[in-house]
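Residue numbers start at 1 and run along the sequence shown.
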Amino acid sequence: IYDTFMGLIEEHQISPKNLRLEITETAVITNLEKQLELIEKLRNAGFIVEMDDFGSGYSSLNMLKEMPLDIIKMDLKFLDGGDNIEKSRNILRTLIALAQSMNLFVVVEGVETIEQVEFLKGIGNCHLQGYYFSRPVDEETYKNMLIQERM
């Protein structure tokens, strides 16, 4: 994988700092030591490494401690706490603060309602992504959205 990525950035003259590699916790735990070595090697080469869907499955705080990451993407499904929404919110608030204390850039995925936006704005210093802002769009539509935003 390392050689493939290095070959691609060389072939296409792309800086690794302009690429983000998303990994999931389950992809790493199969051969933890080897995978952690690879992630560190990629980060040392300048790639930005993200952990996707943190909090949506059986995420381990120990894994968060071990993995060399730049960005953590937390899935808002974590708030699907049934009747105890306040407990779920407290856990999410704490996980975001923990990630930030580890100098991780935090993106919360799956934001769909204004209530979620307001709650997450109240936590502060995390970035939001989800259908509330936009459904997935093709490249041309995205370019047009950027042009409109600049006006």
List the steps, then state whether side chain to side chain contact (heavy atoms under 4.5 Å, CB included) holds for Gln129 with Lys73.
CA-CA 10 Å; Gln129 173 184 332; Lys73 297 176 82 173; 3.8 Å; yes
Do [X] and [Y] come close enough that some side-chain heavy atom pair is under 4.5 Å?
{"X": "Glu112", "Y": "Gln116", "result": "yes"}
{"X": "Phe119", "Y": "Arg93", "result": "yes"}
{"X": "Leu38", "Y": "Tyr2", "result": "yes"}
{"X": "Leu120", "Y": "Ile123", "result": "yes"}
{"X": "Arg43", "Y": "Asp70", "result": "yes"}
{"X": "Leu95", "Y": "Met74", "result": "yes"}

What are the two closest heavy atoms between [X] and [Y], and how far apart are they?
{"X": "Cys126", "Y": "Val108", "answer": "SG-CG2, 4.1 Å"}
{"X": "Asn125", "Y": "Gln100", "answer": "O-NE2, 2.5 Å"}
{"X": "Pro16", "Y": "Ala45", "answer": "CG-O, 3.2 Å"}

At what distance, to the nearest 0.5 angstrom, does [atom1] of [X] lie from [atom2] of [Y]?
{"X": "Leu69", "Y": "Leu21", "atom1": "CG", "atom2": "CG", "value": "11.5 Å"}
{"X": "Leu19", "Y": "Leu8", "atom1": "CG", "atom2": "CG", "value": "9.0 Å"}
{"X": "Glu86", "Y": "Asn90", "atom1": "CD", "atom2": "CG", "value": "5.0 Å"}
{"X": "Leu92", "Y": "Ile85", "atom1": "CG", "atom2": "CD1", "value": "9.5 Å"}

Can you tell me if [X] has over 12 outside heavy atoms packed within less than 6.0 Å of its [atom1]?
{"X": "Glu10", "atom1": "CD", "value": "no"}
{"X": "Tyr142", "atom1": "OH", "value": "no"}
{"X": "Leu146", "atom1": "CG", "value": "yes"}

For Tyr131, the ring-ring contact (aromatic ring centres under 6.0 Å, His included) test, sequence neighbours excluded, returns none
For residues [X] and [Y]: do they belong to one hydrophobic cluster (side chain heavy atoms under 4.5 Å, members Ile, Leu, Val, Met, Phe, Trp, Tyr)?
{"X": "Val117", "Y": "Val107", "result": "no"}
{"X": "Leu42", "Y": "Ile72", "result": "no"}
{"X": "Val106", "Y": "Ile91", "result": "yes"}
{"X": "Ile71", "Y": "Leu104", "result": "no"}
{"X": "Val49", "Y": "Leu98", "result": "yes"}

Which is it for Val137 and Met145 under the side chain to side chain contact (heavy atoms under 4.5 Å, CB included) test, yes or no, and what are the steps along the way?
CA-CA 10 Å; Val137 295; Met145 290 169 73; 4.0 Å; yes
Pairing of Lys143 and Glu139 as salt bridge, 4.0 angstrom limit:
yes
Look at the rings of Phe47 and Phe5 and say which category their plane angle falls in: under 30° parallel, 30 to 60° tilted, over 60° perpendicular.
tilted
Can a donor-acceptor pair be found, under 3.5 Å and without considering hydrogens, that links the side chain of Asp52 to the backbone of Ile23?
no
Glu40 side chain vs Leu36 backbone, donor-acceptor pair below 3.5 Å
no
Test of understanding: with side-chain hydrogen bond (donor to acceptor under 3.5 Å, both in side chains), list the residues that count as partners of Thr94, not counting sequence neighbours.
none
Are Tyr132 and Ile114 close enough, and set up right, to give a side chain to side chain contact (heavy atoms under 4.5 Å, CB included), and what steps lead you there?
CA-CA 7 Å; Tyr132 177 79; Ile114 186 64; 3.1 Å; yes
Mind running side-chain hydrogen bond (donor to acceptor under 3.5 Å, both in side chains) on Thr141 and Asp138 for me, showing each step along the way?
CA-CA 5 Å; Thr141 303; Asp138 59 55; 3.0 Å; yes
